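Source: prediction; values computed, not measured. In what follows, chains carry the letters A, B, and so on, assigned in the order in which the sequence lines appear, proteins first and then strands, with residues in each chain numbered from 1.
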Protein chains: 2
Amino acid sequence: MARAATTTDAFNAVAEARRRQILDILATGERPVNDLVRLLGLSQPQVSKHLRVLREVGAVDVRDEGRRRMYRLNAHALKPIHDWVKNYERSWSERFDRLDGVLEELEEEGDGGGDE
Amino acid sequence: MARAATTTDAFNAVAEARRRQILDILATGERPVNDLVRLLGLSQPQVSKHLRVLREVGAVDVRDEGRRRMYRLNAHALKPIHDWVKNYERSWSERFDRLDGVLEELEEEGDGGGDE
DNA sequence: TTGATATATAACCACATGGGAATATAATCC
DNA sequence: GGATTATATTCCCATGTGGTTATATATCAA
């Protein structure tokens with residue numbers, strides 16, 4: 001088996017930095033494709049393909065406006081990523097560093113003489 | 001060019017669900033490889049290879065203990081993911097839904113013939 | 001209608017992947 | 001020493017990739 005498709009879920013879709021950049025731009029408002037092309041300095045097909053991936057995972061919505069296609073962020077698709085990663089926040093949050101130290105000591109004490 | 005290597009950064013590393021599962025288990029405490037093999041129902045080489053990816057992006061640390069290798073979470077490597085995705089949180093947070101509506105209206109109103 | 005503009009798609013390629021199987025390495029036990 | 005246990009690595013392969021170039025589709029303008 002190869003790697004999971006980029007369209008499998010939001011995790012795979014935003015693994016690509018370009019696609020995160022696209023979302024960052026769309027976070028400031030709706031944009032046609034050509035705006036993204038200029039702002040990112042990518043080729044037009046490249047941007048269209050990235051947008052397709054983002055569409056397939058639901059991270060962007062499109063709306064036709066004449067010959068332009070207006071893309072809009074749908075950040076709800078990113079919620080699973082936030083939900084997963086937020087559980088790790090305490091590990092790097094200064095506020096919890098001291099608590100973590102205490103917990104580790106307790107664990108080791110209860111562990112029956114482990115040193116290290 | 002192909003897709004970025006899984007070891008490029010944390011985003012690519014955790015795009016694989018198995019690796020997120022591994023981190024979830026390690027979040028409960030240090031574990032030898034065989035624990036992960038049993039808990040995940042994966043083959044041992046598979047787990048070792050996933051662990052290598054997680055090591056290369058700094059998401060886990062290892063410690064030798066006899067013939068076992070104890071793996072430990074290093075959640076700090078996940079901070080960039082959290083930092084990126086947290087900026088989108090307001091989009092799905094109920095508390096901000098009403099505010100978003102207001103902001104969008106303001107944007108549209110002010111958009112009378114804007115530049116670009 | 002013809003031409004220009006805006007976007008999507010297709011064909012192609014080099015390449016890293018995740019899984020499986022087999023093997024290598026290393027520590028422990030007899 | 002040999003056997004067992006624990007882990008890492010290597011080889012193999014099918015597959016999906018991101019970029020490029022070329023083309024298709026659709027809308028607007030003259």
Taking only residues two or more places apart in sequence, or in another chain, which ones meet B:Ser43 in a side-chain hydrogen bond (donor to acceptor under 3.5 Å, both in side chains)?
B:Gln46
Of B:Arg68 and A:Ala2, whose closest DNA chain D nucleotide lies nearer the 5' terminus?
B:Arg68
B:Glu65 CD to C:dT28 C1', straight-line distance once rounded to whole Å
13 Å
Results of side-chain contact (heavy atoms from CB on, under 4.5 Å) for A:Ala77 - residues two or more places apart only:
A:Ala59
With sequence neighbours excluded, what pairs up with B:Arg31 under the side-chain hydrogen bond (donor to acceptor under 3.5 Å, both in side chains) test?
B:Asp35
Whole-Å distance between C:dC29 C1' and B:Arg67 CZ?
7 Å
How long is the gap from CZ on B:Arg18 to CG on B:Leu42, to the nearest 0.5 Å?
4.5 Å
Distances under 3.5 Å between protein N/O atoms and the N/O atoms of nucleotides 8-10 of chain D, please, pair by pair.
| unit_1 | atom_1 | unit_2 | atom_2 | d |
| --- | --- | --- | --- | --- |
| D:dA8 | OP1 | B:Arg69 | NH1 | 3.0 |
| D:dA8 | OP1 | B:Tyr71 | OH | 2.5 |
| D:dA8 | OP2 | B:Ser48 | OG | 2.7 |
| D:dA8 | N7 | B:Gln44 | NE2 | 2.6 |
| D:dA8 | N6 | B:Gln44 | OE1 | 3.2 |
| D:dT9 | OP2 | B:Arg52 | NH1 | 3.3 |

side-chain hydrogen bond (donor to acceptor under 3.5 Å, both in side chains) involving A:Gln44 - partner list, sequence neighbours excluded:
A:Ser48
Rounded to whole Å, please give me the gap between CE in A:Met70 and C1' in D:dT27.
15 Å
Between NE2 of A:His50 and C1' of C:dT7 the distance, given in whole Å, is 16 Å
Interatomic distance, CD@A:Glu16 vs CD@A:Gln21, rounded to 0.5 Å, equals 9.0 Å
5' priority, DNA chain D, between A:Ser43 and A:Thr6 [closest heavy atom]:
A:Thr6
Spacing of B:Asn34 atom CG relative to C:dA26 atom P, expressed in whole Å
19 Å
B:Arg3 CZ to D:dT15 C1', straight-line distance once rounded to whole Å:
11 Å
Would you kindly give the CG-to-P distance between B:Asp35 and D:dA6, to the nearest whole Å?
10 Å
Nearest whole Å is fine: how far is D:dT27 C1' from A:Asp64 CG?
10 Å
Residue list, side-chain contact (heavy atoms from CB on, under 4.5 Å) with A:Arg20, at least two apart or on another chain
A:Val14, A:Ala17, B:Asp9, B:Phe11, B:Trp84
Report the residues that fulfil side-chain hydrogen bond (donor to acceptor under 3.5 Å, both in side chains) with B:Asp83, sequence neighbours left out, ordered by chain and then residue number.
B:Lys79, B:Lys86
Pairs meeting criterion salt bridge (charged side-chain N to carboxylate O under 4.0 Å, His left out) with involvement of residues 48-64 of chain A, two or more places apart:
A:Glu30-A:Arg63, A:Arg52-A:Glu56, A:Arg63-A:Glu65, A:Asp64-A:Arg69
Hey, can you pull the residues of residues 12-21 of chain B with a non-hydrogen atom under 4.0 angstrom from DNA chain D?
none
